[in-house]
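Treat the numbers as computed from the prediction; the structure is a model and nothing was measured.
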Amino acid sequence: MPEAPKILSDSGDCIDGIVVENNNKVLKFIEDVTADADEVQRRVLSEILSRSANVEYLQRYGLNGCTDRETFKKVIPVVTYEDLKPDIERIANGDTSPILCSQPISEFLTSSGTSAGERKLMPTIEEELGRRSLLYSLLMPVMSQFLPGLDKGKGMYFLFVKSEAKTPGGLVARPVLTSYYKSSHFKNRPNDPYTNYTSPKETILCLDSYQSMYSQLLCGLFQNEDVVRVGAVFASGFIRAIQFLEKHWSLLCKDIRTGTIDSKITDPSVRDAVMKILKSNPKLADFVEAECSKGSWKGIITRLWPETKYIDVIVTGTMSQYIPALDYYSNALPLVCTMYASSECYFGINLNPLCNPSEVSYTIIPNMAYFEFLPVTRKDELTGSISEPTALNDKEKQQLVDLVDVKLGQDYELVVTTYAGLYRYRVGDILRVSGFKNKAPQFNFICRKNVVLSIDSDKTDEVELQNAVKNAANQLLQYEASLVEYTSYADTSAIPGHYVLFWELSVKDSTLIAPSVFEDCCFTVEESLNSVYRQGRVCDKSIGPLEIRVVQNGTFDMLMDFALSQGSSINQYKTPRCVKYAPIIELLNSRVISSYFSPKRPRWTAGHKQWCTQN
């Protein structure tokens, strides 16, 4: 199996030579591991199964120490989280026997609270931190092929941790990024020009989100001429940082002018770390003040951080809605999605990072885990809807294919077997094969499988909903209004049920927008949805008119605060595109200022002879 590159650290001498040598090692590793992808996968599975030969889970299904793919696929079931939940709960409650993994479970990684509405507990082991660090180490050498000189400056990244919980058995449960930022792999990382950030680690590790954001922005502004790249985890998180700057730039300028830090920043470690960087700089304070006090914030990123070459954020999936805002604030700097990862496993990297956001493709790194792919079934070719995960029958199990056997253009659900004790686990991500790097496939991320609206037989997935809302929201532009955020839910309190969209707007003068405009938006959403939905509206009468409920400004900030109070991670938080949790629906409804319904049924034409025809 190709060995992971051993990264050299610089001691101050010959830095350029060390950077070049490290970059070459990384690129060779990627070349080798993708060229020998199938053999790497065979060895990964054999290693996982050899280590775990005596664990209860594998013995339960009669694997009997076998390490070959054929036996593994024959006897081990394909599972979801619900299937593993009893075993995970035993571990959480303190059972230290080898239930899922031969190595001790070091902690649980909590999935995002907005992924299918549940905080799932993913077991992990100590060595997984090294595996995650390996994937991180591949990113900048790849990026440097396209943008040289990134080792000469700093990255301004807005990174955050959240408080952690303990299970009844005493194991820590926290988000994967909190786990990584608190680990020695991050805190004690070797001197590397690619991990030279403007934010001291104390500001990242501060639990108070206001103090963390304020201090990270202050450090980033003070070092503005050193910044060559900026970013956050998700696009929404980066936009929040810019909006924070809009609210607090005068305080930040005062601190830069005086060389002090605002009294609201009370964490001693944060204050000490910032004061090691901050010095009085009236000239810089005047510059920041002049730029922030201008009427327009267009291009504010390149105005305040003039050497910035790109923005490193996730803009795939529903994060794509933030692309116009990012383009506005940055004068259309490249938007770079570098890697594909989850709480379950880190998967792959983007080898063409300067591509258009709509073309982002991730190359699976074969030594991260053992990967299988389940071809996605559709209800019918007209709807494009993805069927929900159910228990697989024997025929469906046989349809799973190995990493090197996927077909170009085909959609698959990702299934992983990890070193930490997940076996043939359905991640729930839908991927489309976009190409190959040597023998390793490259995938577009399509959506999360379970994020859907449904009233009857209709199934509306995340991507479809996003496109429909975008089509409707475009109608507001002529009234100097725009959609800030949205979510949805299937209201079945009356028969027939109907789709409800909660919209928060940015509007110059609400009196200029007639109710008919919002009614037309409702109709446009319906016209943009799939054939089965429109059939339900027109022919079956099983779905009522779609409703838009306009909510007060700040509603989605309150929604985020609620999610964080319930244990979501600020790093992983994404506005849920479909909500089902009653307290969230109650919160949204309490903020409604007006509501509108679709005034007429959408068009629908029978596409199959057994369907009824439109009246």
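For Glu526 (side chain) and Ser598 (main-chain N/O), no donor-acceptor pair under 3.5 Å exists by modelled atom type. With Asn350 contributing its side chain and Cys337 its backbone, the two residues share a donor-acceptor pair below 3.5 Å. Within the 3.5 Å criterion, the main-chain N or O of Glu464 finds no donor-acceptor partner in the side chain of Asn467. Judged by distance alone, the side chain of Arg591 and the main-chain N or O of Asn553 form a donor-acceptor pair under 3.5 Å. Side chain of Arg601 to backbone of Arg537: a donor-acceptor contact under 3.5 angstrom is found.
Side-chain contact of Tyr81 with Glu344: a donor-acceptor pair under 3.5 Å is absent, judged by distance alone. Counting only N and O atoms by type, the side chains of Tyr596 and Ser594 include a donor and acceptor under 3.5 Å apart. Side chains of Gln466 and Tyr486: a donor-acceptor N/O pair is present below 3.5 angstrom, by distance only. Between the side chains of Gln475 and Asp520, no donor N or O sits under 3.5 Å from an acceptor N or O. Looking at Arg240 and Ser209, their side chains never bring a donor and an acceptor atom within 3.5 Å of each other. For the residue pair Thr178 and Glu164, no side-chain donor N or O sits within less than 3.5 Å of a side-chain acceptor on the partner. For the 3.5 Å distance criterion, the side chains of Thr316 and Tyr340 fail to qualify, holding no donor opposite an acceptor.
Of all heavy-atom pairs spanning Cys521 and Trp503, the tightest one is CB-CH2, 4.0 Å. Of all non-hydrogen atoms in Ala420 and Cys101, the two that sit nearest each other are O-CB, 3.8 Å. Closest approach of Leu408 and Ser434 over heavy atoms only: CD1-C, 3.5 Å. Summarising the geometry of Gln552 relative to Ser590, their closest heavy-atom pair is NE2-O, 4.2 Å, with the distance given to 0.1 Å. Minimum heavy-atom separation, Gly237 to Ala232: C-CB, 4.2 Å. Contact record, Pro175 with Thr110: N-OG1, 3.2 Å, taken as the closest heavy-atom pair.
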Ring pair (Phe, Tyr, Trp, His ring centres under 6.0 Å) assessment of Phe244 paired with Phe158:
CA-CA 12 Å; Phe244 187 98; Phe158 300 106; 9.2 Å; no
**Study point:** Leu422/Thr417 under side chain to side chain contact (heavy atoms under 4.5 Å, CB included): CA gap, chis, key distance, verdict
**Key:** CA-CA 5 Å; Leu422 298 178; Thr417 296; over 6 Å; no
task = Evaluate the ring pair (Phe, Tyr, Trp, His ring centres under 6.0 Å) criterion for residues Tyr57 and Tyr423: first the C-alpha distance (whole Å), next the side-chain angles of each, then the deciding distance (0.1 Å), finally the verdict.
result = CA-CA 9 Å; Tyr57 184 85; Tyr423 305 95; 5.6 Å; yes
- [ ] Might you work through the side chain to side chain contact (heavy atoms under 4.5 Å, CB included) test for Phe445 and Val360, ending with a clear yes or no?
- [x] CA-CA 8 Å; Phe445 177 86; Val360 169; over 6 Å; no
Does the ring pair (Phe, Tyr, Trp, His ring centres under 6.0 Å) test come out yes or no for Tyr499 and Tyr533, once each step is laid out? CA-CA 10 Å; Tyr499 286 11; Tyr533 172 88; 4.9 Å; yes
Before you tell me yes or no, could you show the steps for Ser179 and Glu107 under side chain to side chain contact (heavy atoms under 4.5 Å, CB included), namely the whole-Å CA-CA distance, both residues' side-chain angles and the distance that decides it to 0.1 Å?
CA-CA 9 Å; Ser179 170; Glu107 61 182 311; 2.8 Å; yes
Exercise for review: Evaluate the side chain to side chain contact (heavy atoms under 4.5 Å, CB included) criterion for residues Val78 and Leu374: first the C-alpha distance (whole Å), next the side-chain angles of each, then the deciding distance (0.1 Å), finally the verdict.
Suggested key: CA-CA 10 Å; Val78 179; Leu374 175 65; 5.8 Å; no
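In this structure, the side chains of Asp87 and Arg90 come closer than 4.5 Å at one or more pairs of heavy atoms. At a threshold of 4.5 Å between non-hydrogen side-chain atoms, the residues Leu326 and Ile301 do not count as touching. The shortest side-chain heavy-atom distance between Arg132 and Thr124 falls under the 4.5 Å cut-off. Between Lys407 and Tyr412, some side-chain heavy-atom pair lies under the 4.5 Å cut-off. You'll find the side chain of Lys166 reaches within 4.5 Å of the side chain of Val172, heavy atoms only. For the pair Ser488/Leu465, a side-chain contact is recorded, criterion being any heavy-atom separation below 4.5 Å from C-beta on. Inter-residue side-chain proximity for Tyr425 and Thr418 is flagged as unmet; no heavy-atom pair is nearer than 4.5 Å. At a threshold of 4.5 Å between non-hydrogen side-chain atoms, the residues Phe556 and Val551 count as touching.
Under a 4.0 Å N-O distance rule, the pair Asp402/Lys73 qualifies as a salt bridge.
Using cut-offs of 30° and 60° on the angle between ring planes, the pair His248 and Tyr210 is perpendicular.
The line from NZ of Lys120 to CG of Leu109 is 14.0 Å long, rounded to the nearest 0.5 Å. The CE atom of Met122 sits 6.0 Å away from the CD1 atom of Ile88 when rounded to the nearest 0.5 Å. Rounding to the nearest 0.5 Å gives a distance of 10.0 Å between OG1 of Thr555 and CZ of Phe502. Atom CG of residue Leu564 and atom CG of residue Leu559 lie 9.5 Å apart, to the nearest 0.5 angstrom. Note that CD1 of Ile364 is 5.0 Å distant from CZ of Phe373, once rounded to the nearest 0.5 Å. Once rounded to the nearest 0.5 Å, the distance linking OG of Ser506 with CD of Glu480 reads 10.0 Å.
For the pair Arg424 and Phe72, the distance from NZ or CZ to the six-membered ring centre is under 6.0 Å and the angle to the ring normal is within 45 degrees.
Checked against the 6.0 Å centroid threshold, Phe443 and Phe371 do not count as a close aromatic pair.
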